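Working notes, structure below.
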Amino acid sequence: MLDINLLRNDLDGVAKQLQLKGFNLDVVKFSQLEAQRKELQIKTEELQAKRNSTSKQIGMLKSKGENTSSIMTEVASLGDELKNNENQLNVLHQELTQLLSNIPNLLNEVVPFGRDETQNKEVRRVGVPRDFDFEIRDHVDLGYGLNKQIDFELASKLSGSRFYVLKDKIAKLHRALTQFMLNTHIDEHGYTEMYVPFLVNAKSAFGTGQLPKFEEDLFKTSKGDESLYLIPTAEVPLTNLFADTILKEDELPIKMTTHTPCFRSEAGSYGRDTRGMIRVHQFDKVEMVQIVHPDKSLDALEEITAHAENILRKLRLPYRVMLLCSGDTGFSAAKTYDLEVWIPSQGTYREISSCSCMSDFQARRMQARFKNANGKNEFVHTLNGSGLAVGRTLVAILENYQNSDGSITVPEVLRSYFGADVITS
RNA sequence: GGAAGCUUGGCAGAGCGGUUGAAUGCAACGGUCUUGAAAACCGUCGAGGGUGCGAGCCCUCCGUGAGUUCGAAUCUCACAGCUUCCGCCA
């Protein structure tokens, strides 16, 4: 959520900045609502003040045993008008909040202008894609060849399309990967391991920016007449741990990591990546979240990105780092780096991690603050990064480490977790 | 799922329907004292919002939402959460 004062003070400037993200701010509507709000709020508070002072007066008179009937009839007539005003004001506040809730975050000034993902900027490229002297297979064929250790048919029977079942060694490799990622972040990068709910309430989903705008991307469960949402990323529970919290300045930065499944409806992605485990309704991810001082958030973004990269480096997977352009940067983000890993079967790099600085956007939505040096409460900055998406990492390993006989060499760093050098049928 | 109790500021804990946004204690912060620290003493000390250049003035908030009343932390109702006991269960 943006600071409403930003809109009050520089509406056109903000509207212009939002254009970069492709968002059209309804400045006329905002101005109207805001003007109405101001008038009505002043009037309402005047009435409230009058009611309060009169009531106090009645209290004083009564304690002296004096007659209060005339003053009481005077204040009685306030009631209806006041209630009326309060109700109208409430509606206005709701409309303003709704408008505000749907406005995306402002971009950091270094974010390059661009319409869509084709205009993202490559920042660096690490590792060189391997030359294969045999006909390569994609991860679907590889999994099929390895005794169906990746099984889409079975998953379809259970749940439908965009799910997968892993078996035996590949299931174990999947688990080994998770352990390796978590341990690296905990032991080498200084994150605290967490375990969090996979179902969250609407307030939490609002806090990180999934609601109200992106409800259709979420899976929604029902619990009586209340509903909970399956998390699309552990960013949601991790960040919301600090909702309605005022931290001490010396508690910052807070660095947390966790491993969770992630659930995405993939509404609107019909026909894209229908084959394989690249785009699915459920996948595991190791997530990093940092809660930091506002002055430190851009540095922290570099750091969190480096942490995600470190996993790819250790796995010796070729990748590149993309600075997302204005049009491709997400709703809540001020600046985002995507990590893209080399996928041999597609001859291209595919997103495997997204690291974002959300500035105070989420913090304001969820009231996550710290007491600054002047004793003032100030919004923290929040960041998150995948470190990494486990399913896609598995795909990258299978494809990049495949051998001509269809077996898979296990990356060196995983061997102590996996217990073998190679995966065969 | 059944029963009882509870829900007030960072924590603990008062609070006859009327100058209570809330006593008191602890914690925290500033200061006096001290070579330094502790103790003692003095002071500050919830959050959000409106308005104003500003000192300030005003509004809202005692789990949430309705209601009664001129006036609600205090009364009524509904809901939620927590605790304990019973049942069921990984």
Side-chain angles (χ1 to χ4, degrees), chain A residues 1-9 30-101 195 197-207 221-229 237 240-252 254 261 291 360-380:
Chain A
M1 200 131 74
L2 298 184
D3 184 352
I4 192 167
N5 284 314
L6 233 47
L7 299 181
R8 286 176 184 152
N9 298 333
F30 177 82
S31 310
Q32 282 175 352
L33 284 176
E34 175 60 13
Q36 286 176 46
R37 187 229 100 223
K38 187 164 176 167
E39 189 191 336
L40 198 57
Q41 180 161 351
I42 290 171
K43 202 165 143 204
T44 304
E45 290 187 357
E46 271 172 10
L47 289 172
Q48 285 172 329
K50 186 166 182 197
R51 179 203 58 199
N52 291 347
S53 63
T54 315
S55 292
K56 273 184 187 167
Q57 230 181 322
I58 292 173
M60 278 192 291
L61 290 176
K62 280 209 167 168
S63 68
K64 289 184 205 153
E66 292 180 27
N67 185 293
T68 58
S69 59
S70 68
I71 193 169
M72 276 174 73
T73 54
E74 183 194 325
V75 78
S77 61
L78 274 181
D80 283 348
E81 193 185 356
L82 180 57
K83 179 127 286 175
N84 206 330
N85 274 305
E86 281 175 342
N87 289 341
Q88 279 184 55
L89 185 61
N90 249 327
V91 171
L92 270 178
H93 271 305
Q94 276 172 26
E95 283 181 52
L96 270 169
T97 306
Q98 202 197 355
L99 191 106
L100 218 54
S101 306
Y195 177 85
F198 305 157
L199 288 161
V200 295
N201 56 30
K203 184 174 182 244
S204 299
F206 177 85
T221 66
S222 59
K223 168 194 164 204
D225 51 357
E226 283 201 26
S227 29
L228 292 171
Y229 297 88
N240 274 288
L241 290 172
F242 292 90
D244 300 314
T245 300
I246 302 174
L247 291 157
K248 294 181 188 138
E249 188 165 355
D250 62 13
E251 291 179 279
L252 302 174
I254 289 165
I291 313 287
D360 62 2
F361 188 81
Q362 295 179 325
R364 181 172 288 106
R365 288 171 95 91
M366 67 176 74
Q367 297 292 311
R369 294 165 289 174
F370 73 102
K371 208 167 270 295
N372 68 19
N374 302 321
K376 286 270 185 227
N377 294 331
E378 194 177 337
F379 290 111
V380 295

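Since the model is a prediction, treat every value here as computed from it, not as a measurement. Proteins come first, then strands; the chains are lettered A, B, ... in the order of their sequence lines, and each starts at number 1.
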* **Lys43(A)/Glu46(A) salt bridge by N-O under 4.0 Å criterion** => no
Could you work out the separation of [N] and [M] based on their [atom1] atoms and round it to a whole Å?
N	M	atom1	answer
rA78(B)	rG87(B)	P	29 Å
rC86(B)	rG15(B)	C1'	35 Å
rC75(B)	rU69(B)	C1'	10 Å

* Asked: When we call it a touch if two heavy atoms are under 4.0 Å apart, what does Lys371(A) touch: a base, just sugar-phosphate, or nothing?
  -> sugar-phosphate
Tell me whether the OP1 or OP2 atom of [N] has a side-chain N or O from [X] closer than 4.0 Å.
X	N	answer
Arg37(A)	rG49(B)	no
Asn377(A)	rA47(B)	yes
Lys38(A)	rU51(B)	yes

[X] side chain, from C-beta outward: closest of [options]:
X	options	answer
Gln48(A)	rA47(B), rG21(B), rC59(B)	rC59(B)
Ala49(A)	rC59(B), rC70(B), rU51(B)	rC59(B)
Lys83(A)	rU60(B), rG67(B), rG18(B)	rG67(B)

* To do: For Ser204(A) and Asn201(A), test the side chains for any donor-to-acceptor distance below 3.5 angstrom and give the result as yes or no.
  => yes
